[in-house]
Amino acid sequence: MPQYLRALKGLRFRLTFSHSVFFALLLAAIGFGFRQNLREETEGQVHTALEEGWDGATAFLHVADGVPSWEEFPDDPEMEAAGLRLRAMHLLMDEQGEILSISGPYISLPTPTPAEVQRVLSRDQPETFLLEAASGAPYLVRAGRISGSQGHHYYFAIGRSLEPSVNTVRAFTENYFIALPFLVALTSLLGWWVAGGVLKPLNEVAHAADKITGSNLSLKIPLRGAGDELDRMIDNFNQMTVRLHESFDQIRRFSTDASHELRTPLTAIRGQLEVALLTAKTPAQYHEAMLQALEDVERLSRMVSVLLQLAQAEAGHLVLERVRLDLADVVRDVVDQFEPLVEEKNLTVKTTMQPGLTVMADRMQLDRLAGNLLSNALKYTPAGGSVSIAVYAHAQTRQVCLQVEDTGVGIAAEDLPHIFDRFYRVRGIQSHADHGLGLGLSFVALIAKAHGGHAEVSSTLGKGTCFKVYLPAAAPAPSGTVAPAPHPDPVTANSVH
Ligand SMILES: Nc1ncnc2c1ncn2[C@@H]1O[C@H](COP(=O)(O)OP(=O)(O)O)[C@@H](O)[C@H]1O
Ligand SMILES: [Mg+2]
């Protein structure tokens, strides 16, 4: 069984267990609370009955010279019965603690000590307390002072058994706590079942995930349509596999493209060498063949080093030595480097560059970025065309923009989305001599990204193309550093042939 399945099983158990423990504790707490209430309620009833009984009994009892007499109601059987009930369990004592009258279960209760008698007699109000019979049966007793003839005081008490109350509470407790384990067991079962239901889709997701490998990353885990947390998780999971799929694809494409690209010059070198072996006779011919082969080897090694840089850059290892640079200065230098080519192709180059726009950038990478854009513009613009280069601030986004626009062959709409992909070249527009690696724009995009910016392209086939690279503007230079010399004219326009 796979590890995660076991973990899920564990989850199901843990869910059920914690839910059962919680439920058991809750039920126990409710049980105890209820039991306490029940006891207070039933004892309270006895209490009230006792208070009323004491008042009734003292109304019916008269003591003269230590002799008690109870009022009788020969004509009223109901009152008679009430009177009998009231004196069913009583105790009457004189001030010395001599028992004058005792009845019913009171006989089995401990008789109060003289000190207790004195204490009760000294109080105006009767008091209620708990007594336990010799058998252990609990009784609630109310004792107080009554007055007899000649100003004598007597100790009088009546009692009521608490047994019914205790029995009720005990019966409840027993029943409840016997039922409790069954209730807990039942909810555990229910919990186990519910947890199983909840975790089932998780199990399915785990199974589906198990089937996904590097080669079938397009596999999707079906959404359940419940729109719940699990569906969200599945959705995120699916999105993750899409992203993985894309990067896998990119890696695959990269290695396919790279090997494909490397094969062409290799085949060429091989052909040249083979032909030389078969046909060359003079040292000059060998020399010629070797020169050709060397040229291709150079191209090959250039390609390999570019590929290496590209791979490193894509892996995020483009090491930038950032310094404060005036973008217009950098671009102007690059434009100067291309001057011979511009003249050779008889192109017009216009520059509109706002000075003083600084970026924190790596000089070499920025040169390469501008160089790639410019070389493309020159390469894909026929003789007589023009290339406009502009550097300006994009105020809203606090970005600086380098724009390279040409009146060249343009790029078809279907090619535009791929133009920054590596090795992507629009088919059929370039002669073999112009044959580039198709890596220039990949670098442009990567360098822009590494500097926190981005590259954009717009083009009309046959009319021209416009590339824009946005880079974050550098924060204002801290005071003390030398600011670029102020230009009298903020925008300088000039043109180079
Ligand atoms: N200014 C442009 N005008 C027309 N097409 C262009 C321009 N810049 C680039 N492209 C197209 O984009 C492709 C990719 O450019 P790039 O990555 O620089 O590769 P390369 O220049 O080596 O062919 C080019 O092959 C070309 O088809
Ligand atoms: Mg190029």
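Each residue takes its place number in the sequence, starting with 1. Remember, it's 1-based here, ligands and their atoms both numbered in the order they're listed.
Side chains of Thr397 and His394: a donor on one and an acceptor on the other come within 3.5 Å. For the residue pair Thr348 / Ser386, no side-chain donor-acceptor distance below 3.5 Å is found, with atom types taken as modelled. A donor-acceptor contact closer than 3.5 angstrom links the side chains of Tyr392 and Gln403. There is a side-chain donor-acceptor pair under 3.5 Å between Glu456 and His454.
The N/O atoms of Lys379, backbone and side chain alike, include one that comes under 3.5 Å of an N/O atom in ligand 1. For the pair Arg425 and ligand 1, the shortest N or O to N or O distance does not fall below 3.5 Å.
Shown in contact with Leu439 at under 4.0 Å from a heavy atom are these atoms of ligand 1, numbered in order with element: 17 (O), 19 (O). Residue Val426 has at least one heavy-atom neighbour below 4.0 Å for each of these atoms of ligand 1: 25 (O), 27 (O). With ligand atoms numbered from 1 in the order given, ligand 1 contributes 11 (C), 12 (O) to contacts under 4.0 Å with heavy atoms of Ile419. Atoms of ligand 1 found under 4.0 Å from any heavy atom of Tyr424, numbered from 1 in the order shown, are 13 (C), 14 (C). Residue Val409 approaches ligand 1 through these ligand atoms, each under 4.0 Å from one of its heavy atoms: 4 (C). For ligand 1, the atoms closer than 4.0 angstrom to any heavy atom of Leu441 are 9 (C), 12 (O), 14 (C), 15 (O), 16 (P), 17 (O), 18 (O). Within the listing of ligand 1, atoms 4 (C) sit less than 4.0 angstrom from a heavy atom of Gly410.
Residues passing the salt bridge (charged side-chain N to carboxylate O under 4.0 Å, His left out) test with Lys463, sequence neighbours excluded: none. Residues passing the salt bridge (charged side-chain N to carboxylate O under 4.0 Å, His left out) test with Arg363, sequence neighbours excluded: Asp333, Asp367. By the salt bridge (charged side-chain N to carboxylate O under 4.0 Å, His left out) test, Arg243 is found to be paired with no residue, residues two or more places apart in sequence or in another chain being considered.
Shown here are the protein N/O/S atoms lying under 2.8 Å from the Mg ion (ligand 2), water excluded: Asn376 OD1.
Relative to the six-membered ring of Phe443, Arg368 meets both conditions, a distance below 6.0 Å and an angle of at most 45° to the axis.
Relative to atom 20 (P) of ligand 1, the option among Ala377, Gly438, Gly440 with the closest non-hydrogen atom is Gly438.
In terms of heavy-atom proximity, Leu347 sits nearest to Pro382 at CD2-O, 3.2 Å. Closest approach of Arg35 to Val169, counting heavy atoms only: CG-CG1, 3.7 Å.
Taking the six-membered ring for Trp and the full ring otherwise, the centers of Phe32 and Phe177 sit less than 6.0 Å from each other.
Between Trp192 and Phe13, the angle of the ring planes goes over 60°, which puts this pair in the perpendicular group of the 30/60° scheme.
Contacts between Asp406 and ligand 1 below 4.0 angstrom, taking non-hydrogen atoms only, involve the side chain exclusively.
For the ligand labelled ligand 1, residue Phe467 lies inside the 4.0 Å heavy-atom shell.
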